[in-house]
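Worksheet: one structure, shown below.
Within every chain, numbering begins at 1; the chains are lettered A, B, ... in the order of the sequence lines, protein sequences first and strands thereafter.
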Amino acid sequence: MSQSDTQRACSSSSRVNPDAWQAVCSQEDLVRNSGVVVWLDGAQVALFYLPAAEGKTLYAVDNHDPQSGANVIGRGLIGSIKGDLVVASPLYKQHFRLEDGSCLEYPQQRLRVWPVRLNAGQVEVAVA
Amino acid sequence: MNSNVATLNKMQTLIVIGNGMVGHHCVEQLIERGALEHYRLHVFSEEPMRAYDRVHLSEYFSGRDAESLALSDASLYQTPGVTLHLGVPVLEIDRVRRQVVTSQGCVTYDKLVLATGSYPFVPPIEGAEGESRLVYRTLEDLDAIRAAAVNARRGVVVGGGLLGLEAANALKSLGLEAHVVEFAPRLMPVQLDDLGGQALKAQIERLGVGVHLSRATQSISAGEQYRYRMNFANDEFLETDLIVFSAGIRAQDALARLCALEIGPRGGVVIDDTCLSCDPNIYAIGECASWNGSLFGLVAPGYQMARSVAARLCNEVAEPFTGADMSTKLKLLGVDVGSIGDAHGNTPGARSYQFIDETSASYRRLVVDASGKHVLGAVLVGDNSYYDTLLQYMQNGIALPAEPASLILPSTEGAPSLGPGALPESATVCSCHNVTKGSICSAIDGGCTDLGQLKSQTKACTGCGGCAGLLKQVFEHELIARGVSVDKSLCEHFAYTRQELYALVRVEGIITFDELLAKHGRGHTGCDVCKPAVGSILASCWNQPIMDTSLVPLQDTNDTFMANMQKNGTYSVVPRIPGGEITADKLIAIGVVAKKYDLYTKITGGQRIDLFGAQLHQLPDIWAELIAAGFETGHAYGKSTRTVKSCVGSTWCRYGVQDSVQMALTLEDRYKGLRSPHKLKFAVSGCTRECAEAQSKDVGVIATEKGWNLYVCGNGGMRPRHAELFATDLDDSTLIRYIDRFLMFYIRTADKLQRTSVWRESLEGGLDYLKDVVIHDSLGLGFELESQMQLVVNRYECEWANALKDPEKLKRFRTFVNDQRPDPDIHFVQERGQRRPIMAAELHLIPVIEEIA
């Protein structure tokens, strides 16, 4: 991993309490331009890794799909719609913004998001 | 309070008798025009079902159910102030008391609209009863025909008119050998002239329907080979198992006769130009009305009357009814038939141009006036593409071109065509709902830029649907004229259609999404529309393993994990069972895997076995075991070749004429792994009994004594479509060559997620064009298409075997990358000896784990 990658992934997480970061997996576990899921003390967190993206390269959102009730968001397809990076739920194809978890089609659906960063080859999620 | 009472007292009662297409249209028009402010509306219908589409009745036998034929949502008749009395026949009209009498009581009316329609005329023939006296008008009639057809081989329709031929089509779609018996010396005597009738007869006979002209049935007796024998003059006869009468209609005017309304010379309630009967409170519309001595048996004039009456009852300015254009365009038994205006050239001084093509049994006649400047009428058999233009010439009195014959000659370059731009604003585009080009333009000016929206806004094309082509042309022409480009982009990342992207990938040899996006797209990411579409194009062209690093992020959910995701996030697994042939050992192997992983097991429609309930992390283990037992992936998750279904064929079956299983294996082995715009299903039947149901598949093969018949572009599912016969008596290698070309041509030219059936219907030039390309190689593409297919075949590799060899590719098959546990939220319950996903309502059965925030 390059130095600049670390900085970019971290940049927006700068206000997080330094004690809150928790390592969840290694960078090797990520799949480029796609998602994987980690278990985090009972929560299921989907990690999306976009190494070529201009802004943030790593996103952490809830794996639970509010529409189907199944834990499948991490297996959704990544895309950009009108400038927003989104994931499409694999079952009913509604789109969630990776940045804040909001849903493009149904405002009442929203995914929880976590601050996430790459740190020395490890993926770290901030747990409030 | 007082004013309320006054309003209530002012409310009058309006009764509509009959809920057919015309009665229903009248109700719709009344509600739309605000009639409920003045009237309480009661609608009485003898039939138990609300108004349905009689024009498309024969589709009831090819899969449409009663509800989808209904003309409106049930909610229309739940509008406050409207009461629909279904299955309540009116017994009598008491004009003195102004009451209608039903078995459930009397209702007093202020105004009454008769829309009782017509009934089929059955000539009095000795021996006609029960299944030798069926008719074709209502859904109930169709149910009776269907019941009679159960053990029947042959069916006869008496009457070779428009409805008779529709009925023959219905018998054919029930699998019967169909015959038509007509009293007149030609088919459709009202709409067609002699030569037109001959052309239609030739075309219909080619479809296997028997046509018997100038035959009057004198009696019906017991048959020898079949149930009944129809006896004609000169000791001629025809045997059959059932008989449907469609020898014309009669106005349903019994109620009117009973209450002594004036009746026309050929039946029907006599009406004036305002559709009023001789009683100033009673109107009559549709087929039960007689205007100027004529009955109108088409839907468009009925709608015209309904609109006129609705407007009058709402105190609007109503257009008088002054007769109707009986021009009509139909597809009867799949044959185009059109009749416009004075088709017989009866107008004094009329002259005709005729075009006859005996090879294809096409016929066209153009009737012009004495001056040679205006169209009076036309007859079309075999090709209705001329209809819209000719109708516009006639309806709008457009001056004919210098060579009027060019209007009916086969289209060659330079033939004048009347583009949508040439139509005047007043030109009627949709005659059912009287929508002019002008009203379409004003809808577009009002901001309508979507064809669907235009239809619901103007109602154009929602009656008989005959104007669909013209409407689309006018719509697109007007949009372009207003500088609105018709956007055909795939999505915001590619300003190209799928077909254009396919060509770019082919021509430039592009093998990755990133390269295509960089060269021809926008942005860096793509989306869930373009990524799978491009992934599919790349696979169709180059067939590289879909799990390769650059290709993984393109795949849709199911392709990514090479399994089918189910509602609870688990997967189903389908190993390939080519041709549906499987050994006992392999069956046991599947059983062992299913048992070990506790998978729910079900036989699929494609002769395979589907294993449900596997979690993501179990997929590699399951596949390792299946592959060890000799299985390959079944591609059930892909837009790709699924199965080749087969019957046992000549090996076991006493009727089989070819080895259908061997052919199915050959085809499945060749095309497995082929990715395409949508899924592909095949079937091979070993004889004409067609046990493999090949005619419902994208590619269907049916054995003949001499080889194979090839059928293409069939479909089951939501919108069933019979496959069309493409080529006959082919040897093995020609069959495969045609399928190679057909499939690659489809892949090259179809839109994304377009099945072959829909593609075929939108293919300009239709089946003939497709035959030209594939069989006669008219585009000179044959060799190219074959070699493109051969590349895909050569590169085939089982995707699961490929993935299992590569630990990097298996990384994704982990439910949690940092934990071994399965997804704790997936729960099953037992049902019928297997497990199935728990339903939301059953969730209280499992202990709730406290959520950790």
Side-chain angles (χ1 to χ4, degrees), chain A residues 22-26 28-50 52-54 63-65 67-95 98 112 122-123 125 127-128, chain B residues 491-493 513-514 522-532 535 549-561 563-571 615-617 808-809 811-826 837-840 843 849-853:
Chain A
Q22 196 173 325
V24 290
C25 64
S26 103
E28 298 296 305
D29 290 318
L30 299 174
V31 178
R32 297 165 69 89
N33 300 313
S34 192
V36 296
V37 180
V38 293
W39 176 261
L40 182 62
D41 301 329
Q44 300 190 13
V45 182
L47 301 172
F48 294 102
Y49 182 43
L50 300 130
E54 282 161 3
N63 190 37
H64 185 79
D65 173 10
Q67 190 162 341
S68 65
N71 299 318
V72 294
I73 296 296
R75 289 174 263 166
L77 209 60
I78 301 296
S80 86
I81 293 182
K82 301 206 169 85
D84 288 322
L85 281 176
V86 295
V87 56
S89 166
L91 283 166
Y92 299 108
K93 319 291 181 193
Q94 78 276 29
H95 300 89
L98 293 179
R112 183 178 171 186
Q122 290 292 303
V123 177
V125 173
V127 185
Chain B
C491 65
E492 64 179 77
H493 305 104
F513 177 78
D514 288 345
R522 285 190 282 258
H524 305 282
T525 318
C527 67
D528 59 322
V529 172
C530 60
K531 290 208 285 193
T549 326
S550 68
L551 301 176
V552 162
L554 305 183
Q555 309 303 330
D556 217 337
T557 323
N558 289 340
D559 274 318
T560 326
F561 298 101
N564 293 46
M565 186 185 277
Q566 304 298 329
K567 60 193 266 189
N568 64 348
T570 64
Y571 288 94
Q615 285 206 36
L616 182 59
H617 58 272
E808 200 52 38
K809 289 178 180 170
K811 264 176 39 180
R812 299 208 68 204
F813 294 89
R814 292 183 288 178
T815 298
F816 303 110
V817 297
N818 63 344
D819 201 295
Q820 297 291 318
R821 81 183 75 204
D823 183 344
D825 294 340
I826 294 175
I838 197 162
M839 293 173 201
L843 277 172
I849 303 162
E850 196 183 329
E851 203 170 310
I852 301 158

Which atom of A/A70 lies closest to which atom of B/G569, heavy atoms considered:
CB-N, 3.9 Å
Which heavy atom of A/C25 sits nearest to which heavy atom of B/N818, and what is that distance?
CB-CB, 4.5 Å
Side chains of B/D528 and A/H95, donor plus acceptor under 3.5 Å:
yes
Between A/K82 (side chain only) and B/E492 (backbone N and O only), is there a donor and an acceptor less than 3.5 Å apart?
no
Identify the two heavy atoms, one from B/R814 and one from A/D29, that lie closest to each other, and give their separation to 0.1 Å.
NH2-OD1, 3.0 Å
Against chain A, label B/Q566 side chain, backbone, both or neither, depending on which of its atoms sit under 4.5 Å from a heavy atom there.
backbone
On a heavy-atom basis, the closest approach of B/K531 and A/L77 is CE-CG, 4.2 Å
Check whether the side chains of B/H524 and A/S80 place a donor and an acceptor atom closer than 3.5 Å, and report yes or no.
no
With only heavy atoms counted, which part of A/V31 is less than 4.5 Å from chain B, the side chain, the backbone, both or neither?
side chain
A/L47 portion near chain B, given a 4.5 angstrom heavy-atom threshold:
neither
When rounded to the nearest 0.5 Å, the distance separating CG of B/N558 from CZ of A/R75 is 10.5 Å
Segment of B/L616 engaging chain A (4.5 angstrom heavy-atom cut-off):
side chain
